Amino acid sequence: MSDNVGLSTPRGSGTSGYVQRNLAHMKPRDRDRDRAAPYHRDLDHLKHRQRQPDQGILEHDRKREVEVKVFELRDQLEDEGVEEDEIDRRCDALRKELREKMNKPGGRDDASAPRRGLKAHQVHELADAKIKESERLRNALKISKDYEEGGHWKRQEERLREALDRESTGKRDDRD
């Protein structure tokens, strides 16, 4: 190799000995030039924001579950040798029943219903379940919807400042 770069010989290394630069290397920022903090300075950015599920995807999954059950019934009836018209009639009846059950207000989205095991790739279902769980906990602990974390301390500081301001203005009035 030339210029003392890479291996002196590629023998036994399992490589060709070809040297190339690391394209994944990130150069450190020049602090004098940028003068920008690597993080946000506002505290609102640090607050936890609940991930909102996409209702379209949730609705699609519910419809897909209905169609899977209808397809399973169709497959079973075809294996039994039932006539095609009878299969269509039964499948339509099941589809209608499942959609009515799905659209009923206390049907599928009931908070007291047992939760099924959700997988890591079901992010929208997980987010929806987490929101419902947080809502149940908030209701159980009687926490208001407009609760702000640390709000009690902020109000206490404001009262203390107001009391100090009243004292300082009262002392100024006494001196005059």
Side-chain angles (χ1 to χ4, degrees), residues 10 12-29 34 36-155:
S13 68
T15 67
S16 67
Y18 182 74
V19 178
Q20 57 185 341
R21 68 187 182 119
N22 183 0
L23 297 174
H25 177 70
M26 295 179 65
K27 296 179 183 175
R29 291 187 195 180
D34 290 339
Y39 50 86
H40 294 276
R41 294 192 186 267
D42 60 338
L43 296 177
D44 290 335
H45 180 73
L46 298 176
K47 287 184 181 176
H48 173 70
R49 285 185 296 256
Q50 187 79 39
R51 182 182 185 141
Q52 297 299 316
D54 186 350
Q55 295 301 322
I57 292 176
L58 293 175
E59 182 68 21
H60 173 79
D61 286 343
R62 284 192 283 271
K63 289 178 181 177
R64 185 177 183 278
E65 286 177 16
V66 168
E67 291 301 319
V68 165
K69 290 179 183 175
V70 169
F71 183 76
E72 288 172 354
L73 175 68
R74 176 177 290 278
D75 191 40
Q76 178 187 359
L77 293 175
E78 286 175 353
D79 288 344
E80 293 173 1
V82 179
E83 292 182 16
E84 191 66 31
D85 294 336
E86 180 65 18
I87 292 174
D88 289 339
R89 189 183 63 74
R90 286 188 188 179
C91 288
D92 289 340
L94 178 65
R95 182 179 292 119
K96 183 179 179 183
E97 176 188 338
L98 291 174
R99 284 192 178 161
E100 286 175 1
K101 194 182 291 184
M102 180 180 75
N103 292 332
K104 193 168 61 172
R108 177 163 160 54
D109 292 334
D110 191 9
S112 64
R115 286 179 40 194
R116 60 187 176 136
L118 297 173
K119 302 201 173 28
H121 64 83
Q122 295 173 310
V123 292
H124 297 279
E125 289 89 347
L126 286 169
D128 190 41
K130 183 65 177 175
I131 288 173
K132 288 177 183 172
E133 179 185 3
S134 297
E135 187 70 20
R136 280 195 315 269
L137 181 65
R138 191 181 58 73
N139 288 337
L141 297 176
K142 297 179 179 156
I143 299 172
S144 65
K145 286 187 177 184
D146 59 343
Y147 173 77
E148 183 179 339
E149 188 175 336
H152 171 73
W153 299 110
K154 289 178 185 176
R155 288 190 299 272

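Values in this document were obtained by computation on a predicted structure and should not be read as measured data. This chain uses plain numbering: 1 for the first residue, then up along the sequence.
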With rounding to the nearest 0.5 Å, note down the distance linking [atom1] in [X] to [atom2] in [Y].
| X | Y | atom1 | atom2 | value |
| --- | --- | --- | --- | --- |
| M102 | E100 | CE | CD | 11.0 Å |
| D88 | E83 | CG | CD | 11.0 Å |
| N139 | S144 | CG | OG | 11.0 Å |
| I131 | Q52 | CD1 | CD | 4.0 Å |
| L77 | L94 | CG | CG | 9.5 Å |
| E72 | C91 | CD | SG | 11.0 Å |

Lys/Arg-Asp/Glu bridge criterion (N-O < 4.0 Å) met for [X], [Y]:
| X | Y | value |
| --- | --- | --- |
| K132 | E135 | no |
| D92 | R95 | yes |
| R74 | E84 | yes |
| E67 | R62 | no |

### Query
Taking it one step at a time, do Q76 and L73 satisfy side chain to side chain contact (heavy atoms under 4.5 Å, CB included)?
CA-CA 5 Å; Q76 178 187 359; L73 175 68; 4.3 Å; yes

### Query
When you measure from the side chain of D128 to the backbone N and O of H124, does any donor-acceptor pair fall under 3.5 Å?
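Flag not set: sc D128 to bb H124 has no pair under 3.5 Å.
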
### Message
E59 vs Q55, test: side chain to side chain contact (heavy atoms under 4.5 Å, CB included). Steps then yes/no.
### Response
CA-CA 6 Å; E59 182 68 21; Q55 295 301 322; over 6 Å; no

### Query
What do you reckon, is CD of E86 surrounded by more than 12 foreign heavy atoms closer than 6.0 Å?
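More than 12 heavy atoms, drawn from other residues, nucleotides or ligands, come within 6.0 Å of this atom.
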
### Minimum side-chain heavy-atom gap W153-R155 below 4.5 Å
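Counting from C-beta outward, W153 and R155 never come under 4.5 Å.
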
